[in-house]
Protein chains: 2
Amino acid sequence: MTETYSPAQTVEMSGFSLDTLRYYEKIGLIEPVRRAAGGHRRYTEDDLGWLDMLRCLRGTGMPIAQMQSFAELARDGDDTVADRLALLEEHDAAVEAELARLAEQRGKVRAKIEYYRSYLAQQRGVCEAQ
Amino acid sequence: MTETYSPAQTVEMSGFSLDTLRYYEKIGLIEPVRRAAGGHRRYTEDDLGWLDMLRCLRGTGMPIAQMQSFAELARDGDDTVADRLALLEEHDAAVEAELARLAEQRGKVRAKIEYYRSYLAQQRGVCEAQ
DNA sequence: GGTGGAGCTGGAGCAGGCTCCAGGATCCTT
DNA sequence: AAGGATCCTGGAGCCTGCTCCAGCTCCACC
């Protein structure tokens, strides 16, 4: 018997909100989720695994549109693994660039911080001298 | 004579679009810009410096609302330097956390990439063996 | 079998951050 | 003085990525 999970459990385990899970399904980021007799969703282990992938991609800033391309490739089976790899590699490069950009910009912020600090130090100096 | 810059020059030098410059002024991120006789804006060196600060903050993901607080402090003069410093330090910590988060998530993406690579390598192996 | 909590659908609404537009005015060049 | 480029204002619109809502259904438990 394969384990399945209720929407609430899936929210818990995936970190996505209930609305986001439904939204992702609606826009095709997730294949239609199996339903229990009454129409309630039952997520599988596979679904959870896929959600983990989505969380990685979203968490690294991939736009929804690109994730949709990725999901479409995944739906098209094993023949698309090379394409998916290429897409991920491209994304990884984008993330790397973003990290570099952010680190560089942070350097500038830290420079401003240093400037403010030295200004305050100097002000204190003036104050003591009076 | 102090140099001033037209909107077009300022777009060029600041990296913000014309609309964004006007928008920032409208919402109080920039103090009202001096005007030439006919009403056209003339940005000063000081304005450019401030825009550079804004670019740092935006570029490191500070929300507009927080930038507005910062701008308000800046308008209130030298007494607020300590507050501004505190705000920047807090922001720097947030950026550091974001960098860490992104790097961690990137690790997961790279793991997926490795997984795809090994899958492909194995597929090639099977193919050659046939 | 009733009641409260979880889930369903479709569609509207929202927050953030710009971006675009209409309808004029101004400025530079020739 | 004419024409094209640049700029002005106020307000509407847009894009992304959710988030919320109304009105119902379903399920679990007492």
Side-chain angles (χ1 to χ4, degrees), chain A residues 4-44 47-48 51 53-71 91 94-95 98 101-102 105, chain B residues 4-44 47-48 51 53-71 91 94-95 98 101-102 105:
Chain A
T4 65
Y5 304 95
S6 72
Q9 287 172 314
T10 307
V11 163
E12 178 78 15
M13 297 168 70
S14 72
F16 290 117
S17 79
L18 196 53
D19 275 315
T20 299
L21 288 173
R22 293 197 278 237
Y23 168 65
Y24 280 5
E25 190 176 344
K26 180 153 61 179
I27 65 172
L29 274 187
I30 306 176
E31 293 190 56
V33 175
R34 304 240 172 94
R35 303 302 179 106
H40 290 193
R41 286 176 180 78
R42 288 294 170 257
Y43 294 86
T44 64
D47 289 331
L48 267 280
L51 285 172
M53 171 66 96
L54 293 185
R55 221 162 36 70
C56 282
L57 299 183
R58 264 319 274 146
T60 47
M62 182 183 285
I64 295 284
Q66 201 175 350
M67 290 170 64
Q68 286 175 309
S69 307
F70 189 78
H91 177 59
V95 175
E98 172 61 12
R101 196 196 59 77
L102 202 52
Q105 293 284 298
Chain B
T4 65
Y5 305 94
S6 72
Q9 287 172 313
T10 306
V11 163
E12 177 78 15
M13 298 168 70
S14 72
F16 290 117
S17 78
L18 197 53
D19 274 316
T20 298
L21 288 174
R22 292 196 279 238
Y23 169 65
Y24 280 6
E25 190 177 342
K26 180 155 59 181
I27 65 173
L29 274 186
I30 305 175
E31 293 191 56
V33 174
R34 302 239 173 95
R35 303 303 180 104
H40 290 194
R41 286 176 180 79
R42 289 292 170 258
Y43 294 85
T44 64
D47 290 331
L48 268 280
L51 285 171
M53 171 66 96
L54 293 184
R55 220 162 36 70
C56 281
L57 299 183
R58 265 319 274 147
T60 47
M62 182 183 285
I64 295 283
Q66 202 175 349
M67 289 171 63
Q68 286 175 309
S69 307
F70 189 78
H91 177 58
V95 175
E98 173 61 12
R101 197 196 60 76
L102 202 52
Q105 293 284 299

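Please read these numbers as outputs of a predicted model, since none were measured by experiment. In the text below, chain A, chain B and the rest are named by the order of the sequence lines, each starting its count at 1.
- Residues A:Asp47 and A:Thr10 are not in side-chain contact: their nearest non-hydrogen atoms beyond the backbone lie 4.5 Å or more apart.
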Verdict with supporting geometry, B:Val33 and B:Leu21, side chain to side chain contact (heavy atoms under 4.5 Å, CB included):
CA-CA 10 Å; B:Val33 174; B:Leu21 288 174; over 6 Å; no
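- Regarding A:Arg35, its CZ atom lies at a distance of 13 Å from the C1' atom of D:dC26, rounded to whole Å.
- Formation of a donor-acceptor pair under 3.5 Å by the B:Arg101 side chain with backbone atoms of A:Gly59 is found in this model.
- Put simply, CE on A:Met67 is 13 Å from C1' on D:dC18, counting in whole angstrom units.
- With A:Gln66 contributing its side chain and A:Pro63 its backbone, the two residues share no donor-acceptor pair below 3.5 Å.
- Atom pair B:Arg41:CZ and C:dA25:C1' shows a separation of 14 Å (rounding to whole Å applied).
- Nearest heavy-atom pair across A:Ser17 and A:Val11 is C-CG2, 4.0 Å.
- Taking the side chain as every heavy atom from C-beta outward, B:Ser6 and B:Arg41 never approach each other to under 4.5 Å.
- When all heavy atoms of A:Thr4 and A:Gln9 are compared, the closest pair comes out as O-OE1, 4.2 Å.
- Contacts between residues 53-66 of chain B and DNA chain C, defined by a heavy-atom separation below 4.0 Å, involve B:Arg58, B:Pro63, B:Ile64, listed by number.
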Give me, pair by pair, the N or O atoms of the protein and of nucleotides 27-30 of chain C that are less than 3.5 Å apart, along with how far apart they are.
{"from": "C:dC27", "atom 1": "OP1", "to": "B:Gly38", "atom 2": "N", "distance (Å)": "2.8"}

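- When every heavy atom of B:Tyr5 is checked against every heavy atom of B:Leu48, the shortest pair comes out as CD1-CD2, 4.0 Å.
- Between B:Leu18 and B:Arg22 the shortest side-chain heavy-atom distance falls below 4.5 Å.
- For A:Ser6, a side-chain nitrogen or oxygen approaches OP1 or OP2 of C:dG7 to under 4.0 Å.
- Between B:Ile27 atom CD1 and C:dG17 atom P the separation is 9 Å, expressed in whole Å.
- Looking at heavy atoms from C-beta onward, A:Ile64 lies in side-chain contact with A:Gln68 at the 4.5 angstrom threshold.
- Residues from residues 11-26 of chain B that place a heavy atom under 4.0 Å from any atom of DNA chain C, listed by number: B:Ser17, B:Asp19, B:Thr20, B:Tyr23, B:Tyr24.
- A:Pro32 approaches A:Glu25 most closely through the heavy-atom pair CA-OE2, 3.5 Å.
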